Amino acid sequence: FALHAIPWGPAIAALFVGALFLMAHVRPEQFMQDDSYFYLQIAHNIAAGFGSTFNRITPTNGYHPLWELMCAPLAWVARGDKRTLLHLVLGVQQILFLATWLLLGRVVAGPSAPSRRWLLLPVLAYGFLFLRTYASEAFLFAFVLAGTLLVLQRDWGAFDVWRSFRFGLLAGLAFLSRLDSIFLI
């Protein structure tokens, strides 16, 4: 075991992000924005059989549907325990964060450049965690946009039916993950 053989940059980046992820689970209320709890309440009610409602009285559709579609099964897995649901949602957001990081690393590295995606890790983590964007759909939306960027980069200048369909599908998922993204799309 030699200290000079350790890739220090990636190791430090991974420790930084791991510490931030752990902090989010120790004190989740410090990382979740208030809008995020609306999704969890609606997901809880869907899993309990009350349908798409916040208060169990009137139905609602005032949310980004793809994110709610991801939260509802997590509420079912949590079996009514809202604290468990909170940690499950945080875990999914963290997985989406890492997946977004991997996709953006591929976009930044390009098809032939060596990958230095670990450099993006602490920057993205800082942006997501310290700028308080544990805001429900933010991670899903970022993931879909990163995937769209990768597809656009790979398909640039070569349009056919399949590529157009793939882009349309990703644009539709971006819209469903955050409805106001229609202006971006």
Side-chain angles (χ1 to χ4, degrees), residues 13-105 117 120-148 150 169-182 184-185:
L15 285 173
F16 178 75
V17 171
L20 292 174
F21 279 8
L22 180 62
M23 285 173 32
H25 283 282
V26 171
R27 302 274 315 230
E29 60 281 350
Q30 298 297 316
F31 290 90
M32 296 287 280
Q33 293 183 355
D34 62 345
D35 288 2
S36 300
Y37 293 106
F38 290 108
Y39 283 89
L40 302 185
Q41 181 61 39
I42 294 167
H44 174 77
N45 286 335
I46 290 171
F50 296 105
S52 178
T53 178
F54 180 77
N55 58 11
R56 296 186 182 180
I57 299 169
T58 57
T60 186
N61 64 357
Y63 47 76
H64 303 296
L66 192 57
W67 180 241
E68 193 65 59
L69 184 65
M70 291 181 73
C71 290
L74 296 175
W76 182 81
V77 168
R79 299 278 189 230
D81 184 350
K82 291 183 178 181
R83 188 86 176 160
T84 300
L85 175 58
L86 178 60
H87 287 285
L88 288 171
V89 167
L90 282 170
V92 166
Q93 289 174 328
Q94 291 168 340
I95 290 168
L96 286 168
F97 167 83
L98 291 173
T100 301
W101 164 65
L102 289 171
L103 288 174
L104 285 177
R117 75 182 83 173
L120 288 171
L121 194 56
V123 173
L124 289 174
Y126 178 80
F128 275 117
L129 299 173
F130 283 123
L131 298 179
R132 303 190 49 88
T133 56
Y134 258 123
S136 303
E137 75 289 337
F139 291 93
L140 178 60
F141 183 60
F143 173 71
V144 173
L145 285 183
T148 304
L150 185 61
L169 180 66
L170 288 167
L173 289 174
F175 172 67
L176 292 174
S177 68
R178 185 157 178 93
L179 296 176
D180 56 358
S181 69
I182 192 69
L184 175 65
I185 297 166

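Because only heavy atoms are used, hydrogens play no part in the values below, and waters and symmetry mates are left out as well, while side chains stay in. Remember, predicted model here, so these are calculated numbers, not experimental data.
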Colleague: In terms of side-chain geometry, is the basic nitrogen of Arg79 or Asp81 positioned less than 4.0 Å from the acidic oxygen of its partner?
Modeller: no
Colleague: Quickly, which of Tyr39, Phe141, Phe139 forms a side-chain contact (heavy atoms from CB on, under 4.5 Å) with Trp67? Name it, please.
Modeller: Tyr39
Colleague: Please check: side-chain N/O of Ser52 versus main-chain N/O of Pro59, any donor-acceptor pairing under 3.5 Å?
Modeller: no
Colleague: Keeping the roles fixed (side chain from Asn45, backbone from Phe50), state whether a donor-acceptor pair exists under 3.5 Å.
Modeller: no
Colleague: Backbone N or O of His64 within a donor-acceptor pair of the Glu137 side chain at under 3.5 Å?
Modeller: no
Colleague: Spell out, as yes or no, whether a donor-acceptor pair under 3.5 Å connects the side chain of Ser181 to the backbone of Ala174.
Modeller: yes
Colleague: Can you name the closest pair of heavy atoms from Ala47 and Ala72 and give their distance?
Modeller: CB-O, 4.1 Å
Colleague: Evaluate the criterion side-chain contact (heavy atoms from CB on, under 4.5 Å) for residue pair Met70 and Leu96; output intermediate values, then yes/no.
Modeller: CA-CA 12 Å; Met70 291 181 73; Leu96 286 168; 4.2 Å; yes
Colleague: Between Phe38 and Tyr63, is the ring centroid distance below 6.0 Å?
Modeller: no
Colleague: Please report the C-alpha distance between Leu40 and Lys82 in whole Å, then the side-chain angles of each, then the deciding distance to 0.1 Å, and finally whether the side-chain contact (heavy atoms from CB on, under 4.5 Å) criterion is met.
Modeller: CA-CA 8 Å; Leu40 302 185; Lys82 291 183 178 181; over 6 Å; no
Colleague: Tell me whether the count of non-hydrogen atoms from other residues, nucleotides or ligands lying under 6.0 Å of CG in Asn61 goes above 12.
Modeller: no
Colleague: Can you name the closest pair of heavy atoms from Leu103 and Ala146 and give their distance?
Modeller: CB-CB, 3.8 Å
